[in-house]
Amino acid sequence: MKIKNIYKYLFAAFLALQLSSCDNNTDADPKFDKTPTERLNAQMAELKEALLSSPEGWKAIYFTDNTILGGYTHFFKFAADGTVEMSSDFDDDLDTDVTQKSEYQIQLGSTVSLTFTTRNWIHLLSESDNYPIEALRAKGYLGDFQFLYYGQENGQIIFKANRNGQEIRFVKATKEERDNLPKNFDMISNVIGSNARPLFRLLETNDGTTKHQFDFSFSDVTRYANANSIEAGYSVSFNFGVGYTPTGIVVNPAIEVGGQKLTDFVYNDADGSFTATGTNGVSAVIKYSNKPLILTDDYKLLLPQSGNNVYAYIYNITKPEPANSALFLSLLANAEAAAGAGLMISRIQPWFNNPDGTSYIEYRFAAVTNPAVTIARRYHYFTITTDAVNKTVTLVPGVWKSTATAAAPAIATPSFLKALDDEFMNPQGLYFAKTPVSGYTAYTFTSTTTPFRMVAYSFQ
């Protein structure tokens, strides 16, 4: 048989097999039985049915951008008439836990989306002129009010924000959860820390065999936390957003320990800790420490051999820094209120090792209506001692003056400054350490015995 005839027979046999296979195929993909429009309409009906299927509505902890911001809990109860009842823990000052009704639509575009078409609490996260920090000016909280529908999984409805693709999961809510939403606000103070707790915090992980410690800082303004390893040769860090719950916090992204992802931390009021527990001994705990995890030699910058160094609290630069403690801010506010109506403290400026050999804290006062113009000053002179073991400095109080000259007479201690000034003159000393800020160099003056900490601009 000629070669070309063999190819003809083989081709004919192959074609017959293909035709037979097509005739017997009863498993054709059903998605090709519908047009794209029909499939989208089916998704719209599916989403509508899902939204209405939960008697107590849905809960979502919306992390608008987990690289810079924390999570905001929202409850949604949808009605067939296109209205939704919503509550939130965005801001207790706005009574966002109060239920508010608005309208929603299930819209059809290139995909199916849930859109909140009239104003409600969710819109606070998307307003460009409502921003928590300067870096987010004109960007707001990076939130959205149009959620693209991505299906359902384990009883949850999965969306992605149209603005940045951030995933949002709706979980069926219970009446108890809805009623307990105000407890989220109660948890805020536990996460921030109170005047009754130490200032220093750490994150400690346990993979079942080994523990690691990380310096921990949290900004209540952005609901964001940073934790960096304090161990030499172990360069691990965790950065995550925080969402409040009635019993603790939820973090996103998860903290991975021993191959397990930990997200839910339970609060312990006895010691102020938050603990996430995995299996086989895996855990992560955020807890307090009575002293910094790392003691630095920064205190030496204040000694005579370092020369004339000046630092300052500045009302429009350092005051917004999250490292300022609640105690410092409250004492500052009390001093301003007692100073007189319409007055503010524009600067608190410690001067070390002046050319004349003196050191003092300068308190500057200005009118609230014109804070850039100083109208009065008070100076508290001090000498300095150090503790090289604990790496602290102690400011030993001297005289008060109204002008910083050698010939100026001493004055009585200004009563309205005493409580604030006493923290700087703590006989047990202060920690002095560089602190990370954006746009300038800063250090903190931190009490060794009370939760007092002030961020200071460095002029060096």
Side-chain angles (χ1 to χ4, degrees), residues 133-135 193 198-203 213-222 224-239 288-329 332 347-354 359 361-362 382 384-395 423-426 428-460:
I133 55 175
E134 191 63 28
L199 277 178
F200 308 105
R201 267 174 155 172
L202 65 140
L203 169 68
Q213 291 188 333
F214 305 79
D215 192 14
F216 178 84
S217 63
F218 173 74
S219 168
D220 62 303
V221 176
T222 57
Y224 205 77
N226 304 99
N228 301 300
S229 173
I230 64 168
E231 303 169 28
Y234 188 72
S235 58
V236 175
S237 63
F238 298 105
N239 303 304
Y288 288 98
S289 170
N290 288 322
K291 65 179 183 179
L293 295 185
I294 300 176
L295 296 176
T296 74
D297 286 332
D298 290 344
Y299 76 98
K300 293 180 179 179
L301 294 171
L302 309 182
L303 303 185
Q305 58 265 33
S306 295
N308 183 209
N309 286 336
V310 186
Y311 306 90
Y313 155 82
I314 305 175
Y315 78 97
N316 61 342
I317 297 178
T318 66
K319 189 175 184 178
E321 297 294 349
N324 287 309
S325 72
L327 178 58
F328 163 67
L329 294 174
L332 175 69
R347 287 200 186 192
I348 302 172
Q349 193 159 299
W351 296 68
F352 293 87
N353 314 308
N354 294 311
S359 297
I361 297 180
E362 175 191 1
F382 62 82
I384 188 169
T385 63
T386 63
D387 181 338
V389 175
N390 293 307
K391 300 188 176 183
T392 62
V393 295
T394 300
L395 310 187
E423 293 294 336
F424 293 108
M425 304 296 161
N426 182 352
Q428 303 303 315
L430 303 169
Y431 296 110
F432 179 76
K434 192 172 184 178
T435 189
V437 296
S438 177
Y440 62 98
T441 300
Y443 290 80
T444 53
F445 291 87
T446 306
S447 171
T448 59
T449 58
T450 69
F452 177 90
R453 180 170 57 210
M454 182 186 80
V455 177
Y457 183 100
S458 173
F459 289 95
Q460 287 60 247

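- Heavy atoms only, all atoms of each residue included: F352 and S359 are closest at CA-OG, 3.6 Å.
- Proximity of a side-chain donor or acceptor of D215 to a complementary backbone N or O of N228 within less than 3.5 Å is not detected.
- Atom CD1 of I294 and atom CD of E231 lie 10.0 Å apart (nearest 0.5 Å).
- When all heavy atoms of P350 and Y311 are compared, the pair lying nearest together is CD-O, 3.0 Å.
- Judged by distance alone, the side chain of R453 and the main-chain N or O of A323 form a donor-acceptor pair under 3.5 Å.
- Formation of a donor-acceptor pair under 3.5 Å by the T435 side chain with backbone atoms of T444 is not found in this model.
- Taking the six-membered ring for Trp and the full ring otherwise, the centers of F424 and F382 sit at least 6.0 Å from each other.
- In this structure, OG1 in T394 is found 7.5 Å from CG in D387, a value given to the nearest 0.5 Å.
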Exercise for the section: Take T450 and N426 through the test side chain to side chain donor-acceptor pair (under 3.5 Å) and record every step on the way to the result. Expected result: CA-CA 9 Å; T450 69; N426 182 352; 5.2 Å; no

Exercise for the section: Go through the steps to decide whether F238 and F216 satisfy the test side-chain contact (heavy atoms from CB on, under 4.5 Å), and finish with yes or no. Expected result: CA-CA 9 Å; F238 298 105; F216 178 84; over 6 Å; no

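- Between L203 and A227, the shortest heavy-atom contact is CD2-CB, 3.8 Å.
- For the salt bridge (charged side-chain N to carboxylate O under 4.0 Å, His left out) condition, no pair includes a residue of residues 298-326, sequence neighbours left out.
- Annotation: the span from L430 atom CG to T392 atom OG1 amounts to 8.0 Å, rounded to 0.5 Å.
- The heavy-atom pair separating S325 from P451 by the smallest distance is OG-O, 2.9 Å.
- In this pair, F445 and F432 present their aromatic rings tilted. The plane angle is within the 30 to 60° band.
- Side-chain atoms of T441 never come within 3.5 Å of backbone atoms of S458 as a donor-acceptor pair (strictly under, hydrogens ignored).
- Checked by atom type and distance alone, the side chain of T296 never pairs as donor or acceptor with a backbone atom of A433 at under 3.5 Å.
- S306 places no side-chain N or O within donor-acceptor distance of the main-chain N or O of L302, the cut-off being under 3.5 Å.
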Practice task
Apply side-chain contact (heavy atoms from CB on, under 4.5 Å) to N309 and Y443, showing your working.
Solution key: CA-CA 12 Å; N309 286 336; Y443 290 80; over 6 Å; no

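- Not counting sequence neighbours, the partners of D297 by the side chain to side chain donor-acceptor pair (under 3.5 Å) test are K391.
- The nearest pair of heavy atoms linking E362 to W351 is OE1-NE1, 3.0 Å.
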Handout entry: Stepwise side-chain contact (heavy atoms from CB on, under 4.5 Å) test for V310 and Q349
Key = CA-CA 7 Å; V310 186; Q349 193 159 299; 3.6 Å; yes

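- Taking both residues in full, the closest heavy atoms of A442 and V455 are given as CB-CG1, 4.0 Å, listed atom of the first, atom of the second, then distance.
- Going from atom CG of L332 over to atom CG of N324 covers 9.0 Å, rounded to the nearest 0.5 Å.
- From R347, atom CZ reaches atom CD1 of I314 across 4.0 Å, with rounding to the nearest 0.5 Å.
- Rounded to the nearest 0.5 angstrom, T448 OG1 and N390 CG are separated by 8.5 Å.
- A parallel orientation is assigned to the rings of Y440 and Y457, their planes being inclined by less than 30° (bins at 30° and 60°).
- Judged by distance alone, the side chain of N354 and the main-chain N or O of N308 form no donor-acceptor pair under 3.5 Å.
- Residues I361 and M425 form a side-chain contact, since some pair of their non-hydrogen atoms from C-beta on lies under 4.5 Å apart.
- At least one donor-acceptor pair under 3.5 Å links the side chain of N353 to the backbone N or O of G307.
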Practice task
Output, in order, the C-alpha distance, side-chain angles, deciding distance and verdict of side-chain contact (heavy atoms from CB on, under 4.5 Å) for F200 and N290.
Solution key: CA-CA 6 Å; F200 308 105; N290 288 322; over 6 Å; no

